[in-house]
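What follows is a single structure, written as structure tokens, with notes after it.
None of the values given here were measured: they were computed from a predicted structure. The chains referred to below are lettered A, B, ... by the order of the sequence lines, with proteins before strands, and numbering in each begins at 1.
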Protein chains: 2
Amino acid sequence: MGIDGLDGRLLELLAHEPRIGVLEASRRLGVARGTAQARLDRLKSNGVIRGFGPEVDPAAIGYPVTAFATLEIKQGQGADVRAHLATVPEVLELHTTTGSGDMLCRLVARSNADLQRVIDLVVGFAGIVRASTAIVMENPVPLRIVPLVRQASREG
Amino acid sequence: MGIDGLDGRLLELLAHEPRIGVLEASRRLGVARGTAQARLDRLKSNGVIRGFGPEVDPAAIGYPVTAFATLEIKQGQGADVRAHLATVPEVLELHTTTGSGDMLCRLVARSNADLQRVIDLVVGFAGIVRASTAIVMENPVPLRIVPLVRQASREG
DNA sequence: CTCCCACTGCGCAGACTGCCTAGTGAATAG
DNA sequence: CTATTCACTAGGCAGTCTGCGCAGTGGGAG
């Protein structure tokens with residue numbers, strides 16, 4: 001169920017040069033085209049590769065402010081709150097976590113002032129007891145997977 | 001600097017069917033191929049589209065546990081801590097946030113037990129004063145961008 | 001020893017990409 | 001009012017890649 005060295009190198013290659021084709025990838029990896037194709041197909045059907053969606057930078061479309069909000073939810077209101085948050089476009093991501101029935105969500109906004117509007121939108125809902133927000137200043141490590149892939153392929 | 005309706009529809013299309021080609025996209029959008037190509041090129045050089053990296057599911061490569069850790073940093077140790085965390089493969093993402101010199105990072109681990117090892121790795125570093133961790137149980141809203149794109153293209 | 005599987009190396013038809021040209025309509029500047 | 005600019009349409013061309021299939025090879029498992 002893990003990934004081997006070849007899978008790892010293929011993933012790294014795709015992460016670094018996403019628009020590369022199967023043929024070019026096979027050349028870089030030093031294997032036959034069929035092999036690269038088979039590996040790629042397997043990674044996709046395995047669920048290792050979820051997809052190749054475009055990575056859109058929220059800042060570039062007018063939402064330069066990112067924040068994380070920790071929400072405390074009233075007992076039994078979880079489903080309602082999830083449904084509510086799913087309707088807010090500025091909520092990019094939502095997790096339920098351990099702890100006192102908490103949720104953690106990632107928000108974006110057009111400005112610090114606009115963030116207030118977004119937060120009001122988010123917490124202006126019956127099931128939410130309390131919210132604490134942390135505004136992101138810097139992002140020293142952007143979302144990455146290559147180091148993990150490398151480790152996984154070494155160990156697996 | 002924003003995106004218009006056509007950009008928005010193109011982004012949605014790409015998000016939904018990432019491996020679609022320019023030609024097919026132009027057909028679906030009802031525009032000429034050159035137009036679709038020009039829009040796509042512009043979105044890329046604008047920085048709106050950062051890339052088309054494969055989305056790898058950590059769970060599928062043996063890291064099914066996700067957690068968020070809030071770190072409190074000793075004054076002046078920020079740079080060292082960032083450098084330290086950047087070397088840990090299980091740290092998928094790191095943000096510095098407002099508040100008491102805090103950082104927020106996303107971690108993955110092979111199991112709940114393994115998470116202890118990862119946390120020790122992360123916090124076993126001089127500059128970190130305190131860490132509080134929340135284990136993710138569910139992910140009702142996975143990272144998404146389409147709703148925001150739709151809103152941005154309506155307003156822009 | 002035999003079977004099975006992954007990999008290699010090859011070829012084919014179809015489709016797509018990058019690049020170019022010419023013409024149109026709308027908005028803008030003079 | 002006219003000239004210019006810009007985005008878009010529509011088409012063409014050469015080169016390349018993809019999806020697919022086929023035969024052959026080598027190593028591991030039963």
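- If you take CG of A/Leu40 and C1' of D/dC17, they are 14 Å apart, rounded to a whole angstrom.
- A heavy-atom distance below 4.5 Å is not found between the side chains of A/Val65 and A/Leu107.
- Considering only heavy atoms from C-beta on, B/Asp120 stays 4.5 Å or farther from B/Arg117 through its side chain.
- Electrostatic pairing of B/Arg27 and B/Glu24 counts as a salt bridge here, judged by a charged N lying under 4.0 Å from a carboxylate O.
- A/Arg19 has its CZ atom 16 Å from the C1' atom of D/dT16, to the nearest Å.
- For the atom pair CG (B/Leu92) and CG (B/Leu85), the distance works out to 12.0 Å, reported to the nearest 0.5 Å.
- The structure places CZ of B/Phe52 at 5.5 Å from NZ of B/Lys44, a figure rounded to the nearest 0.5 Å.
- The shortest distance between the side-chain N/O atoms of B/Thr35 and the OP1/OP2 oxygens of D/dT9 is below 4.0 Å.
- Residue contacts shown for B/Arg39 are limited to sugar-phosphate atoms, with no base heavy atom under 4.0 Å away.
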Could you pull out the protein-nucleic contacts involving nucleotides 16-19 of chain C (nitrogen or oxygen on both sides, under 3.5 Å)?
unit_1, atom_1, unit_2, atom_2, d
C/dC16, OP1, B/Arg27, NH2, 3.3
C/dT17, OP1, B/Val22, N, 2.7
C/dT17, OP2, B/Leu23, N, 3.1
C/dG18, OP2, B/Gln37, NE2, 2.4
C/dG18, N7, B/Arg33, NH1, 3.1
C/dG18, O6, B/Arg33, NH2, 2.8
C/dC19, N4, B/Arg33, NH2, 2.6

Inset, instruction - Apply side chain to side chain contact (heavy atoms under 4.5 Å, CB included) to the pair B/Leu29 and B/Arg39, showing each step before the final yes or no. - result: CA-CA 12 Å; B/Leu29 296 174; B/Arg39 292 303 188 111; over 6 Å; no
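- Whole-Å rounding puts the B/Leu29 CG to D/dA7 C1' distance at 15 Å.
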